[in-house]
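Below is one structure, written out as structure tokens, with a few remarks after it.
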Amino acid sequence: MPSMSYARYCAEIVAQTDLLRSRIEGADLATPVPTCPDWNLGQLLWHLGGAHRWAETIVRTRAAEPVSDELVNDVSGATGKDLAAVDAWLAEGAGQLADTLRAAGPEAQVWTVAPGGTPEFWARRMVHETVVHRADADFAIAAASPAPRTTTPGPAPAPGVPAFTVAQEVAIDALDEWMGFASLPLVFEAKPELRDLMSEGRTLHFHATDTAPETAADWLIGLDGDTLTWSRTHAPATVAVRAPLAELLLLVYGRRATHEARTTGSGNSASGSGNDGSNSIEIVGDLPLLDAWLDGVSFWLKE
């Protein structure tokens, strides 16, 4: 269930794109993207602009069946483009998508890649697509930046990956969306080996450490029945992940590595030595279970 209003989603598509555009000012489009290793920065940005245009086409045409995702996957258009052209591509695509969504309203019938069937699905999906790729661009630019100079005795700070910030309500909604996707029946169809994880009493718990208790920023995933389930619940679990809200989001999207988190419990060997924010993540319990679940339910990120 979406936790933000339709109007907020429409506005956030543009707002998140503008935040991204401000981050890439003066950037080199040939910069590799560590979190999307097949792409450089220009290709990442072209992909996002294409995703916005793909969703806009679906909503504008009231598509009733799948629409070619060539706009999303073909990043060759970035070749030879300068930063000004790519920036304009991003701004135009986000603006067109937001305008089309507003004109359609939240309840029109359209094709969606997962249950939903309305423009609200695409408004929500494109907000979080933009948030995550904003993080990718942040990481690419930071990794390409020289280590800061210092006159203080001791080792110089590593350029590393910076702390990534996102509004609390946006991050919570993004995690809600992720948990919903990760619990769909089609997950078992795509990854039947996930059934091997199902066992009575087996659960995973994600807890945000930087929110007030009344925010209820907790997610409990159940692996103890015939179906994957999730709820916004704080409870003991087979494996628990504690981290700032943005870090939880980056973890489930594969932008943070579990082996760099601070861990305790069965089957754990990580030391928490990452300098990229991953050492603000604490994992308690069955790390191999967490890794297997993340690998299985995030299959759609790798297609």
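In what follows, every heavy atom counts, from backbone to side chain, and hydrogens, waters and symmetry copies are set aside.
Panel note: side chain Asp210, backbone Leu245; a donor-acceptor pair is recorded below 3.5 Å. Looking at Thr112, its side chain does come within 3.5 Å of a backbone N or O of Gly117 through a donor-acceptor pair. Using a distance-only test at 3.5 Å, with no hydrogens or angles considered, no donor-acceptor pair links the side chain of Asp69 to the main chain of Val72. Within the 3.5 Å criterion, the main-chain N or O of Leu197 finds a donor-acceptor partner in the side chain of Arg202. For Thr233 (side chain) and Ala235 (main-chain N/O), no donor-acceptor pair under 3.5 Å exists by modelled atom type.
Between the side chains of Thr35 and Asp136, at least one donor-acceptor pair of N or O atoms lies under 3.5 Å. A side-chain donor from one of Thr130 and His52 sits under 3.5 Å from a side-chain acceptor of the other.
Taking the ring centroids of Trp293 and Phe206, they lie under the 6.0 Å cut-off. Aromatic rings of Trp39 and His47 (six-membered ring for Trp) have centroids within the 6.0 Å cut-off, being under it.
At least one side-chain heavy atom of Met198 sits less than 4.5 Å from a side-chain heavy atom of Leu228. With a 4.5 Å cut-off on side-chain heavy atoms, Gln109 and Thr118 count as touching. Between Leu204 and Val241, the closest side-chain pair of non-hydrogen atoms is not below 4.5 Å. Using a 4.5 Å cut-off on side-chain heavy atoms (C-beta onward), Ser183 and Thr229 make no contact. Two residues are said to be in side-chain contact when any heavy atoms from C-beta on lie closer than 4.5 Å; His207 and His234 meet this criterion. For the pair Thr263 and Glu282, the minimum side-chain heavy-atom distance is 4.5 Å or more. Between Cys36 and Arg255 there is a side-chain heavy-atom pair separated by less than 4.5 Å. At a threshold of 4.5 Å between non-hydrogen side-chain atoms, the residues Asn40 and Pro32 do not count as touching.
In this structure, Arg125 pairs ionically with Glu129, as a charged nitrogen and a carboxylate oxygen lie closer than 4.0 Å.
Note that CG of Leu251 is 5.5 Å distant from CG of Leu294, once rounded to the nearest 0.5 Å. For the atom pair Asp138 CG and Arg23 CZ, the distance stands at 4.5 Å (nearest 0.5 Å). Taken from CG in Asp218 to CZ in Arg232, the straight-line distance is 8.0 Å, to the nearest 0.5 Å. Here the CE-CG distance, from Met126 to Leu48, works out to 8.0 Å after rounding to the nearest 0.5 Å. Within the model, atoms CZ of Arg21 and CG of Leu45 stand 11.0 Å from one another, a figure rounded to the nearest 0.5 Å. In this structure, Ser231 OG and Met179 CE are separated by 10.5 Å, a value rounded to the nearest 0.5 Å.
The environment of Asp226 atom CG is sparse: at most 12 non-hydrogen atoms of other residues, nucleotides or ligands sit within 6.0 angstrom. In Glu193, the CD atom is crowded: over 12 heavy atoms of neighbouring residues, nucleotides or ligands sit closer than 6.0 Å.
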When you look at Val170 and Arg8, which way does the side chain to side chain contact (heavy atoms under 4.5 Å, CB included) test go after all the steps?
-> CA-CA 10 Å; Val170 175; Arg8 175 69 184 276; 3.7 Å; yes
Please step through side chain to side chain donor-acceptor pair (under 3.5 Å) for the pair Asp291 and Thr258, ending with a clear verdict.
-> CA-CA 7 Å; Asp291 284 337; Thr258 59; 2.5 Å; yes
Pair Val239-His205, side chain to side chain contact (heavy atoms under 4.5 Å, CB included): steps then yes or no | CA-CA 6 Å; Val239 57; His205 176 226; over 6 Å; no
Does the side chain to side chain contact (heavy atoms under 4.5 Å, CB included) test come out yes or no for Arg124 and Asp173, once each step is laid out?
-> CA-CA 9 Å; Arg124 187 188 201 193; Asp173 189 72; 3.0 Å; yes
Check against ring pair (Phe, Tyr, Trp, His ring centres under 6.0 Å), Trp178 and Trp230 | CA-CA 10 Å; Trp178 173 275; Trp230 75 278; over 10 Å; no
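For the pair Arg195 and Phe188, the cation sits on the ring face: its NZ or CZ lies under 6.0 Å from the ring centre, inside 45° of the axis.
Both Leu29 and Leu90 are assigned to one and the same hydrophobic cluster, defined by single-linkage of ILVMFWY side chains at heavy-atom distances under 4.5 Å. Taking hydrophobic clusters as Ile, Leu, Val, Met, Phe, Trp and Tyr residues chained together by side-chain heavy-atom distances below 4.5 Å, Ile172 shares a cluster with Tyr6. Leu290 is connected to Leu194 through a chain of hydrophobic side-chain contacts under 4.5 Å among Ile, Leu, Val, Met, Phe, Trp and Tyr, so both are in one cluster. Trp219 is connected to Tyr253 through a chain of hydrophobic side-chain contacts under 4.5 Å among Ile, Leu, Val, Met, Phe, Trp and Tyr, so both are in one cluster. Under the 4.5 Å side-chain heavy-atom criterion for Ile, Leu, Val, Met, Phe, Trp and Tyr, Leu19 and Leu250 are members of distinct hydrophobic clusters.
Aromatic ring orientation, Phe181 versus Phe121: tilted (interplanar angle from 30° to 60°). Note on ring orientation: taking the six-membered ring where Trp is involved, the planes of His128 and Tyr9 are perpendicular (angle over 60°, cut-offs 30° and 60°).
The two residues Val166 and Ala246 make their nearest non-hydrogen contact at CG1-CB, 4.1 Å. Summarising the geometry of Ile58 relative to Thr61, their closest heavy-atom pair is O-OG1, 3.6 Å, with the distance given to 0.1 Å. Of all heavy-atom pairs between Phe139 and Arg256, the closest is CZ-NH1, 3.9 Å. Taking each heavy atom of Ala114 and Leu184 in turn, the nearest pair found is CB-CD1, 4.0 Å. The shortest heavy-atom contact between Leu41 and Val33 is N-CG2, 3.6 Å. Across all their heavy atoms, Asp295 and Lys191 have their closest contact at O-CE, 4.5 Å.
Screening residues 64-108 for ring pair (Phe, Tyr, Trp, His ring centres under 6.0 Å) gives Trp46-Trp89 as the qualifying pairs, with residues at least two apart or on separate chains. For the ring pair (Phe, Tyr, Trp, His ring centres under 6.0 Å) condition, no pair includes a residue of residues 64-86, sequence neighbours left out.
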Can I get a per-line list of side-chain donor-acceptor pairs under 3.5 Å for residues 93-102, giving both atom names and the distance, sequence neighbours left out?
unit_1, atom_1, unit_2, atom_2, d
Thr100, OG1, Glu56, OE2, 2.7
Thr100, OG1, Gln96, O, 3.1

